[in-house]
2 protein chains.
Amino acid sequence: MFFVTEPNTKPWTMQQIADAAGVSVTTVSHTMSGKRPVNPQTALRIKRLIDEFGYVPDAGARRLQSGRSRMIGLAVPDISNWYFGRIARGAEEMADELDYGLIVCSTFNSDPRREKRYFNMVRTRMIDGLVYTAGREMNEMNELEKVALSSPVVLADEGINRLSSIPWVTSENFEGGRLAGAHVRELGHTKAVIIGGFAGLNSTVERVAGIREFFPNALVLNGDFEMQSGYDLVGDLLANDVRFTAVFGGNDLMAIGAIKRLREAGLRVPEDVTVVGFDDVEIASVITPALTTVRQDVVSIGRNSARLLIEGLEAGTFEGTSSVILPVQLVVRATSGPLAPDPRR
Amino acid sequence: MFFVTEPNTKPWTMQQIADAAGVSVTTVSHTMSGKRPVNPQTALRIKRLIDEFGYVPDAGARRLQSGRSRMIGLAVPDISNWYFGRIARGAEEMADELDYGLIVCSTFNSDPRREKRYFNMVRTRMIDGLVYTAGREMNEMNELEKVALSSPVVLADEGINRLSSIPWVTSENFEGGRLAGAHVRELGHTKAVIIGGFAGLNSTVERVAGIREFFPNALVLNGDFEMQSGYDLVGDLLANDVRFTAVFGGNDLMAIGAIKRLREAGLRVPEDVTVVGFDDVEIASVITPALTTVRQDVVSIGRNSARLLIEGLEAGTFEGTSSVILPVQLVVRATSGPLAPDPRR
DNA sequence: CGCATACTGCAAAACGCTTTGCGCATCACA
DNA sequence: TGTGATGCGCAAAGCGTTTTGCAGTATGCG
């Protein structure tokens with residue numbers, strides 16, 4: 001008797017509950033919302049019926065009338081990516097705590113069509129506001145700008161310079177770069193390369209700037225945050241006989257790809273080359289040797305983004321809302337160390 | 001002039017478009033839906049205005065009237081988990097191709113409150129149907145059953161015996177177990193242990209049964225699919241002096257945890273112990289030594305689930321819809337091999 | 001010229017809910 | 001008993017769409 005055989009049974013309406021209880025819909029509505037007192041006996045009877053029928057008010061009708069859906073959206077480049085998954089997790093936690101629903105959507109790495117679709121979700125009032133996570137240089141920047149003009153939007157993970165008036169949540173990227181740079185510098189390294197993320201991202205720019213406080217001339221290559229690109233870029237460096245004793249990864253994945261490539265070239269980590277990542281993904285502590293990295297609290301990015309958005313929503317304005325910058329932390333493990341004498345050198 | 005300063009501007013209504021074009025809303029509506037012919041000139045004028053105003057029809061009102069939202073939901077235990085992220089990715093792809101929207105929600109490992117919330121999303125008609133992914137033994141099984149009674153539900157990844165009439169999508173788990181078992185058997189191993197997933201899951205039961213075709217007496221321990229539990233369970237085995245030369249992981253993460261623990265105990269992989277995983281996560285090919293595993297096409301699970309659901313939705317019934325079982329594939333890498341003489345033995 | 005036959009557009013009725021304006025009891029207090 | 005306050009329920013007016021029944025204007029054809 002599942003849907004298999006019995007299609008779309010009509011759900012109960014509030015009117016039917018009212019009829020069954022012998023009252024008007026007004027009374028049922030007030031019983032549910034508590035916005036006006038209702039005779040305790042009547043209320044009890046109504047509540048019983050609601051339970052019995054399994055009645056749930058229609059979301060669309062409710063929204064239509066009240067103007068709010070108590071739903072927010074989260075747009076990320078790719079939900080299957082660990083990093084964005086964590087953000088989603090955090091946002092969902094916070095939304096839940098504040099009694100909002102969260103709708104997660106992938107823009108498939110900023111596919112303009114998808115982005116438009118999600119921006120429209122706030123336009124169609126399906127959601128009350130949007131947390132947007134830029135994956136790279138934005139395609140539909142203008143669209144975002146337009147949406148933000150009249151609806152609440154918060155930027156997670158990446159601030160966008162042009163859109164400076166939109167609240168955002170991110171990590172101390174510059175400081176993270178500094179921490180990594182200082183650590184490697186102290187180990188005595190002088191020649192370093194940076195496998196950064198997308199060049200257009202603030203986070204990339206800031207991390208690089210932080211590292212360069214200690215390695216002013218470090219070569220910067222830009223990858224796409226995937227393991228493979230770390231692998232490939234180190235391959236390019238080796239093929240060009242670039243000399244370096246330290247590699248900074250724009251994230252852990254690229255750092256891990258780099259390590260793989262270094263090893264295949266017969267280089268030892270950390271004896272010959274020190275490698276430092278960024279993020280502290282779960283796997284970082286498991287690979288051999290365990291990865292030295294800069295930990296950021298990705299879940300918190302999600303949590304705070306959702307919080308900012310919902311607070312703005314309830315307040316009706318972002319006036320006075322200030323962006324959030326979360327602390328990072330250097331985690332020293334086994335891929336960083338002083339230069340060891342090369343047995344072959 | 002962002003939302004920061006200018007709260008909730010009212011969106012345009014169809015009436016306003018109609019007024020501006022000097023026609024009635026009927027004409028505007030028909031222009032948009034194409035359900036009745038409209039004078040080309042009038043239509044053009046209306047379309048121009050729609051673009052100019054940036055008008056988008058209200059989703060709630062539309063749903064209220066038409067009865068369908070063209071949105072489906074996907075409930076997974078934890079969106080930040082790689083595995084479920086892949087499923088979400090696949091479902092989202094397919095939904096997009098079929099011009100549906102997808103709403104992804106975490107049940108936070110079957111938190112009853114959350115589950116209820118998502119089941120209610122289909123009750124409130126916010127979504128037209130639901131793809132449900134069980135993470136472990138289900139808590140709100142009865143709820144699911146009730147929902148499935150009147151609304152389209154598809155099970156992804158895990159079939160549920162009691163709910164055999166609900167369509168489901170999964171991998172050839174039994175065959176996967178057999179492949180792994182046969183491979184390890186051929187390498188000459190005779191003593192194996194299985195670090196399985198949750199005991200209550202069909203997939204776990206089937207994989208174990210497949211392996212046991214070749215290792216009838218293999219000890220089975222149940223983990224939670226996380227790396228740590230693979231690590232811990234192997235620790236228990238070692239502490240109890242259990243003798244084995246092969247470990248089957250219920251997934252790659254647990255296999256990787258197991259390897260870590262084995263190494264810490266001074267055992268070599270694969271010389272002393274062969275380890276085989278399940279899934280073929282990205283990291284499996286990167287760790288050293290690279291992991292031998294059974295590959296399943298997780299994205300396809302998501303894709304097919306969404307497809308089944310939407311097809312049922314459009315057809316108005318699941319009559320004739322048959323469940324999907326996807327093929328798996330053994331990927332032999334470096335963690336499996338014949339037993340090598342232990343130098344210390 | 002007269003009568004079907006499109007072709008277009010309008011008014012109005014839902015859809016299921018929230019909220020407001022009223023009115024009828026009931027009650028307290030003088 | 002009169003007066004004001006309070007409690008509680010009803011009817012009805014939207015909210016922004018889609019869809020249906022009608023009607024007015026052309027057009028085609030004998």
Side-chain angles (χ1 to χ4, degrees), chain A residues 8-47 49-50 53-71 120-128, chain B residues 8-47 49-50 53-71 120-128:
Chain A
N8 273 348
T9 313
K10 283 245 172 181
W12 298 107
T13 70
M14 188 178 274
Q15 183 64 61
Q16 290 173 291
I17 302 291
D19 290 349
V23 298
S24 75
V25 288
T26 314
T27 310
V28 178
S29 178
H30 284 137
T31 309
M32 297 188 75
S33 70
K35 293 205 176 177
R36 271 211 335 215
V38 174
N39 183 310
Q41 283 202 2
T42 319
L44 184 62
R45 185 153 37 95
I46 292 174
K47 281 182 186 152
L49 284 166
I50 288 177
F53 283 46
Y55 165 76
V56 177
D58 181 287
R62 191 169 224 177
R63 223 274 310 127
L64 186 55
Q65 172 62 27
S66 71
R68 335 207 108 285
S69 64
R70 294 196 74 82
M71 286 272 159
N120 271 350
M121 289 186 66
V122 13
R123 288 222 183 85
T124 63
R125 306 281 140 168
M126 162 141 283
I127 54 181
D128 293 340
Chain B
N8 272 349
T9 312
K10 283 243 173 182
W12 299 107
T13 70
M14 189 178 273
Q15 183 64 62
Q16 290 173 292
I17 302 291
D19 290 348
V23 299
S24 75
V25 288
T26 314
T27 310
V28 178
S29 178
H30 284 138
T31 309
M32 297 189 74
S33 70
K35 294 205 173 173
R36 266 204 347 208
V38 174
N39 183 310
Q41 283 203 359
T42 319
L44 184 61
R45 186 154 36 97
I46 292 175
K47 279 182 187 154
L49 284 166
I50 288 178
F53 284 46
Y55 165 76
V56 178
D58 181 287
R62 190 169 226 175
R63 222 277 307 128
L64 185 56
Q65 172 61 26
S66 72
R68 335 205 109 286
S69 65
R70 294 195 74 80
M71 286 273 160
N120 270 351
M121 288 187 65
V122 12
R123 289 221 183 86
T124 63
R125 306 281 139 168
M126 163 141 282
I127 54 181
D128 293 341

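Proteins get letters first, then strands, A, B, ... in listed order; numbering begins at 1 in each.
- Of the listed nucleotides (C:dT8, C:dC17, C:dG16), C:dC17 has the atom at the smallest distance from the side chain of A:Met14.
- Side-chain nitrogen and oxygen atoms of B:Lys35 include at least one within less than 4.0 Å of the OP1 or OP2 phosphate oxygen of D:dT19.
- Taking atom CG of B:Asp58 as the reference point, atom C1' of D:dT18 lies 13 Å away to the nearest angstrom.
- OP1 or OP2 of D:dC10 has at least one side-chain nitrogen or oxygen of A:Thr27 nearer than 4.0 Å.
- Here the straight-line distance linking atom CD1 of A:Ile46 with atom OG1 of A:Thr31 works out to 3.5 Å at 0.5 Å rounding.
- When each of A:Arg36 and A:Arg63 is assigned the nucleotide of DNA chain D bearing its nearest heavy atom, the one mapping closer to the 5' terminus is A:Arg36.
- Rounded to the nearest 0.5 Å, atoms CD1 (B:Ile50) and CE (B:Met14) are 7.0 Å apart.
- With hydrogens and angles disregarded, a donor-acceptor distance shorter than 3.5 Å links the side chain of A:Arg45 to the backbone of A:Ala21.
- Side-chain atoms of B:Ser66 come within 3.5 Å of backbone N or O of B:Arg62 as a donor-acceptor pair.
- Take the nearest nucleotide of DNA chain C for B:Leu64 and for B:Asn39: the residue whose nucleotide is more 5' is B:Asn39.
- A salt bridge is absent between A:Asp58 and B:Arg125: the closest approach of a Lys/Arg side-chain nitrogen to an acidic carboxylate oxygen does not fall below 4.0 angstrom.
- Here the P atom of nucleotide C:dG16 and the CG atom of A:Asp19 are 13 Å apart, to the nearest Å.
- Going from atom CD of B:Gln16 over to atom P of D:dG16 covers 8 Å, rounded to whole Å.
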I would like to know whether B:Met71 and B:Arg63 meet side chain to side chain contact (heavy atoms under 4.5 Å, CB included); could you show each step before the answer?
-> CA-CA 10 Å; B:Met71 286 273 160; B:Arg63 222 277 307 128; over 6 Å; no
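- Residue contacts for B:Thr26: at a heavy-atom cut-off of 4.0 Å it reaches a base atom on one of the strands shown.
- The distance from atom CE of B:Met32 to atom P of D:dT19 is 13 Å, rounded to the nearest whole Å.
- Rounding to whole angstrom units, CD1 of residue B:Ile46 and P of C:dG9 are separated by 8 Å.
- Across the protein-nucleic acid pair, A:Gln15 atom CD and C:dT18 atom C1' stand 14 Å apart, rounded to whole Å.
- If you check D:dC10, C:dG9, D:dT17 against the side chain of A:Ser24, the one that comes closest is D:dC10.
- Between the side chain of A:Gln65 and the base of D:dG14, at least one donor-acceptor pair of N or O atoms lies under 3.5 Å.
- Set against D:dT17, C:dC10, D:dG9, the side chain of B:Val23 has C:dC10 as its closest nucleotide.
- When the P atom of C:dT18 is taken as reference, atom CZ of A:Arg70 falls 13 Å away, rounded to whole Å.
- For A:Tyr55, taking side-chain heavy atoms from C-beta onward, the closest of the listed nucleotides C:dC17, D:dG16, C:dC10 is C:dC17.
- Residue contacts shown for A:Ser33 are absent, as no nucleic acid heavy atom lies under 4.0 Å away.
- Within 4.0 Å of B:Ser29, counting heavy atoms only, lies at least one base atom of the nucleic acid.
- Distances shorter than 4.0 Å separate none of the side-chain N or O atoms of B:Arg62 from OP1 or OP2 on D:dG16.
- Atom CD1 of B:Ile17 is separated from atom P of D:dT18 by 13 Å (rounded to the nearest Å).
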